[in-house]
Amino acid sequence: MAKVIVFCVALMPLIWLVTDVVLGRIGPDPGQEITERLGIAAFQLLLVTLLITPLKKMTGWPGWLRHRRMLGLFAFFYAVLHVLAFLQLILGWGDLWATFTRRPYIALGAVAFLLMIPLALTSTKAMMKRMGRRWKPVHRLIYLSAIFAWLHFLWQARSDVTEMVVYGLLLLALLFIRAYWFGVSSLVPLRKSRA
Amino acid sequence: TTPLTFREAPEYLTDEKKTPFDAVAKYNNFYEFGTGKGDPAKYAHEMSVDPWSVEVDGECARPGRYALEDLLKPHDYEERIYRLRCVEAWSMVIPWVGVPLATVLSRLEPNSRAKYVYFETLHDPKQMRGQRSLFSTIDWPYREGLRMDEAMNELSFLAIGLYGETLPNQNGAPIRLVVPWKYGFKSIKSIVRIRFLEEQPKTTWELLAPSEYGFYANVNPEVDHPRWSQKRERRLPSGVLRPNWMETRMFNGYKEQVAHLYKGMDLAKFY
């Protein structure tokens with residue numbers, strides 16, 4: 001039951017978006033709006049995914065962990081839609097090389113997205129078992145992905161960065177709390193920590 | 001908004017499809033009211049535009065504070081349909097009502113030292129919530145400027161209305177500039193100051209990111225913005241699954257009227 005609720009809530013940004021498109025509430029520049037909203041949804045779900053471990057530690061209830069995989073996969077799902085929307089609705093599949101080499105904020109977004117791919121692929125229980133002690137350090141790549149995603153948004157702000165400052169503080173809190181509990185080395189991707 | 005009386009200016013009509021009023025009035029960049037495209041339509045009603053006055057100073061014979069109705073003469077009002085090309089690579093086609101900028105500036109009698117004209121938008125954080133934002137990097141008020149010959153060009157226009165009615169606040173009520181061969185940010189809104197200057201003024205976007213925005217800001221498909229290409233534009237309203245792409249034209253298609261202003265200038269350098 002809890003899984004169904006989490007699933008439905010995580011699907012809400014997409015349902016809203018589709019509703020707005022169908023009802024013609026998306027505004028005169030739908031491509032831009034759709035791409036932006038999918039990107040923000042991906043980033044928000046990434047942050048929610050990062051909230052699971054602190055929630056578990058603070059409440060002492062391990063049940064939170066059961067939802068982490070689905071939340072992470074939803075973040076990846078929105079990121080895939082965001083990338084496709086960008087390619088189809090903003091870029092029209094032209095200018096690809098110049099776009100990714102000459103525009104650093106897009107390159108940063110691409111890195112954030114690419115880092116999510118191995119995590120999505122190794123998110124199953126079977127892969128967790130197979131990778132054993134290597135699973136955790138590999139999945140710390142999510143920290144890098146979230147930081148790159150944040151920079152990707154910040155770089156695009158034309159003048160007012162209030163929204164990104166708020167997201168940045170949230171992300172910083174999520175990372176800091178881990179460093180505080182488990183040591184800074186627990187944040188380093190691909191390296192086994194002693195703890 | 002209230003209806004206006006005006007005549008049509010047939011030489012400035014176009015057979016391009018006009019962008020519907022709803023899109024023109026609900027999709028705006030007016031950072032004084034927030035950075036979201038929908039923010040101005042939501043919050044611009046917090047600005048009071050009546051009464052309105054414009055401070056005129058600098059190199060001219062008739063400086064002073066002018067009530068809006070003393071600056072404009074209703075028999076001058078005309079309608080012109082212009083393309084508006086935003087630096088963000090979208091564009092609209094808008095029927096403006098207003099007066100040629102040259103008509104108003106001439107009445108203020110600029111002297112021979114006036115080489116530039118400078119404009120400011122209202123600065124009042126009480127009425128403009130975007131100016132209250134803690135993390136805005138804009139140094140208010142919003143500032144813009146033109147070279148005198150650009151300002152006196154036949155295309156430069158002071159708009160007080162669109163679609164036959166007075167401007168919605170989010171579109172820059174009660175009086176705004178429209179310079180259709182330049183990126184939209186040059187067309188400063190809700191003007192409270194006109195100043196004639198001998199030296200080229202610093203403008204808001206130029207101050208904020210000089211590598212991205214220049215003083216001239218002429219629409220130019222050959223000179224990319226550092227963060228995106230300027231070769232094409234999405235004409236709004238754009239499609240949901242397929243953007244309404246079109247090629248961007250030099251000087252936004254107004255080459256005939258303005259190209260002579262920039263003869264001999266390197267437009268990649270003076271962007």
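As the structure is a prediction and not an experimental result, all values here were calculated from the model.
- In this structure, no portion of A:A85 lies under 4.5 Å from any heavy atom of chain B.
- The neighbour count for A:F176 CZ, taken as heavy atoms of other residues, nucleotides or ligands under 6.0 Å away, does not exceed 12.
- Proximity to chain A is limited to the backbone of B:P226, based on heavy atoms less than 4.5 angstrom apart.
- For A:V161, the parts lying under 4.5 angstrom from a heavy atom of chain B are both the backbone and the side chain.
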Less than 3.5 Å apart and able to act as donor and acceptor by atom type: which atom pairs between chain B and chain A qualify?
residue	atom	partner	partner atom	Å
B:Y27	OH	A:D29	OD2	3.1
B:E88	OE2	A:R158	NH1	2.4
B:S133	OG	A:D160	OD1	3.3
B:S133	OG	A:D160	OD2	2.6
B:S133	OG	A:T162	OG1	3.1
B:F135	O	A:V161	N	3.1
B:T137	N	A:S159	O	3.0
B:T137	OG1	A:S159	O	2.6
B:Y213	OH	A:R158	NE	3.2
B:P226	O	A:R103	NH1	3.2
B:R227	O	A:Y105	OH	3.3
B:R227	NH1	A:W155	O	2.7
B:R232	NH2	A:L91	O	3.0
B:R234	NE	A:D29	OD1	2.9
B:R234	NE	A:D29	OD2	3.3
B:R234	NH2	A:D29	OD2	2.8
B:R234	NH2	A:Q32	OE1	3.2
B:S238	N	A:P28	O	2.7
B:L241	O	A:Q88	NE2	3.1

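- Closest approach of B:V240 to A:I34, counting heavy atoms only: CG1-CD1, 4.1 Å.
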